[in-house]
Number of protein chains: 2
Amino acid sequence: MTTRVPQERRRRRPTRSGVLLSEDLIVQTALRLIGEHGPEALSVRRLGAALGCDPTALYRYFHDTDDLVLAIADRIIGDAMAGFTPGDDWAASLREVALRVRAGYLAHPRAAAMAAHRVTRRPNEIRAVETGIGLLLTAGFPPADAARLYLAFIDTVLSHAATEAAFLALPAQQREADHRSWRDVYQDLDPATYPSLTLVRRELPAMADSSFEPAVDLLLEALAARARALKGT
Amino acid sequence: MTTRVPQERRRRRPTRSGVLLSEDLIVQTALRLIGEHGPEALSVRRLGAALGCDPTALYRYFHDTDDLVLAIADRIIGDAMAGFTPGDDWAASLREVALRVRAGYLAHPRAAAMAAHRVTRRPNEIRAVETGIGLLLTAGFPPADAARLYLAFIDTVLSHAATEAAFLALPAQQREADHRSWRDVYQDLDPATYPSLTLVRRELPAMADSSFEPAVDLLLEALAARARALKGT
DNA sequence: GCCTTACGTCAACAGGGTTGACCCAATGTG
DNA sequence: CACATTGGGTCAACCCTGTTGACGTAAGGC
């Protein structure tokens, strides 16, 4: 019943409202829905309504909701890395990879939050690994270090991006509560029991900001330092 | 109606099945439920059944499900940090915080997977933040830097830990398939299109290992370098 | 021993994913 | 051109979910 059928041989029968469904249109509409009405807008029923078809029609194209999410995630990955070519500066290039991955996830947080921890060994990812390790090799790291350090770098990037995506994927209410807590809860603490927090009190609202770029920059600094140390010896 | 009441002044009225409810018992049961039957086993109704009470009784202790999730997260933090006291070496202490947090999450992978990216606003978390920022202050960073750098550090630690927890929370079959892919998929690549991967081919099985400690060490290196630069000026 | 009220219980609602039956029309074939 | 096949859009139904408001009972202060 729910076996996905090759796109090519579809009997494109229009829905009651005249729309011609397709895997592509569904993914596209799902992304639009998330973008316009927030992450929690993605449900089979709402997606059906947005498409102008019965909600259950989607099960002709995807086994279940999870299958749909994976299809969306696959498109996100492809879009994020589209057109990237590494430049001369290996650190700057790694930085761009990081920002691209993150931007791709944040553009569609809910889909990313659901799929980020799953490993899809697809061509796009393999190409990305090739690129990343290549950059560390040009930095002068021996193969063993290049592989291990790339892993540490990309895992950090992916983990951060997934965390930020998961945060954006929260219902607006919880998201704002999390944000506010740095302004509210952490402001009225007893100075005796929390001396350090009291000292940095004025900086705490900034804790709601993203730490993605600071963290990436710290990593790149450490990598650059180690690369310099290699050259020195 | 759902106002949380201080634990001390409770009217401990037994449920129909004779259990005396408490915030503590509920969190503990929730953790057991998640650990045994997966994250999707946590629902108000199932938790009520496991506790031997009406599901809606939980709303006397937590505003809503999210509030419960935050309580679970905070207990994990508390357990992880129990008995920790910062030592003289701020970097070593931060390292221990990182390892403790990670261990706490890995002890409850499935619960961690759903709670790791939240701000709990609860005592255990606040204490942990106080400790961490305090360490960076003793390292010599001015308050603004201490707050921002602590955020970058702890976010990285939490993100990594969440990723590892999510991985452990996967069904064994998928987990092992993921592991194998580094040995299998990445071994038979065309050297012409993937020169870098071919060069580091022998190192790739190690990609299945955790990158947690390498990443933390890179961050601590960068922090130490910045701290030295501060002293120098 | 009374009064207050905390809190356990119950019924109900809105929304979610998913299934199986139904049936029409698009398509390939004769 | 007409027919048989069947893909796929539709519908009704099921069981899940979180959450609310009313209700009444018993716990604890006085």
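Just so you know, these numbers use all the heavy atoms, side chains as well, and skip hydrogens, waters and symmetry mates. Order of the sequence lines fixes the chain letters, A, B, ..., with proteins taken first and strands second; residue numbering starts at 1 for each chain. Just so you know, these numbers come straight off a predicted model, no measurement behind them.
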Check the distance between D:dT20's P and B:L58's CG and give it to me in whole angstrom. 13 Å
Does OP1 or OP2 of C:dG8 have a side-chain N or O of B:Y59 closer than 4.0 Å? no
Pairs under 3.5 angstrom only: tabulate donor-acceptor contacts from the side chains of residues 148-156 of chain A to other protein residues two or more places apart or in another chain.
residue: A:D155; atom: OD2; partner: B:S211; partner atom: OG; Å: 2.7
residue: A:T156; atom: OG1; partner: A:A152; partner atom: O; Å: 2.7
residue: A:T156; atom: OG1; partner: B:H160; partner atom: NE2; Å: 2.8

Base, backbone or nothing for each nucleotide of nucleotides 24-30 of chain D, written B, S, -, heavy atoms under 4.0 angstrom, 5' to 3'? BBBBS--
If only side-chain N and O atoms of B:T65 are considered, is one of them under 4.0 Å from the OP1 or OP2 phosphate oxygen of D:dT19? yes
How would you list, by chain and number, every residue that makes a side chain to side chain contact (heavy atoms under 4.5 Å, CB included) with B:A71, sequence neighbours excluded? B:V27, B:F62, B:R122
Distance under 6.0 Å and angle within 45° of the ring axis: does B:R102 meet both against B:F212? yes
For a quick test of reading the model: is some side-chain N or O of B:T56 closer than 4.0 Å to OP1 or OP2 of D:dT19? no
In whole angstroms, the gap separating C1' of C:dT18 from OH of A:Y61 amounts to 18 Å
A:D54 CG to D:dA13 P: how many Å, rounded? 14 Å
Heavy atoms within less than 4.0 Å of DNA chain C: which residues of residues 41-49 of chain A have one? Give them sorted by number. A:S43, A:V44, A:R45, A:R46
Taking 4.0 angstrom as the limit, do B:D74 and B:R127 come out as a salt bridge? no
Whole angstrom value for the distance that separates C1' of D:dC15 from CG of A:D64: 17 Å
Distance, rounded to the nearest Å, where A:D67 contributes CG and C:dT18 contributes C1': 14 Å
Taking CG from B:L68 and C1' from D:dT19, how many angstroms apart are they, rounded to a whole number? 14 Å
Taking atom types as modelled, find out whether B:T56 and B:D54 have a side-chain donor-acceptor pair closer than 3.5 angstrom. yes
Rounded to whole angstroms, how far apart are CD on A:E23 and P on D:dG9? 13 Å
Determine, for B:R100 against B:E96, whether the closest basic-nitrogen to carboxylate-oxygen distance falls under 4.0 angstrom. yes
Could you pull out all residues at least two apart from A:F167 that satisfy ring pair (Phe, Tyr, Trp, His ring centres under 6.0 Å)? A:H179
Does any donor atom in the side chain of B:S159 or A:T163 lie under 3.5 Å from an acceptor atom in the other side chain? yes
Send over the distance from B:R60 CZ to C:dC10 P, rounded to a whole Å. 14 Å
When the nearest nucleotide of DNA chain C is assigned to B:S17 and to A:E40 on a heavy-atom basis, which residue is associated with the more 5' position? B:S17
Which residues pass the side chain to side chain contact (heavy atoms under 4.5 Å, CB included) test with A:L168, sequence neighbours left out? A:L106, A:P109, A:R175
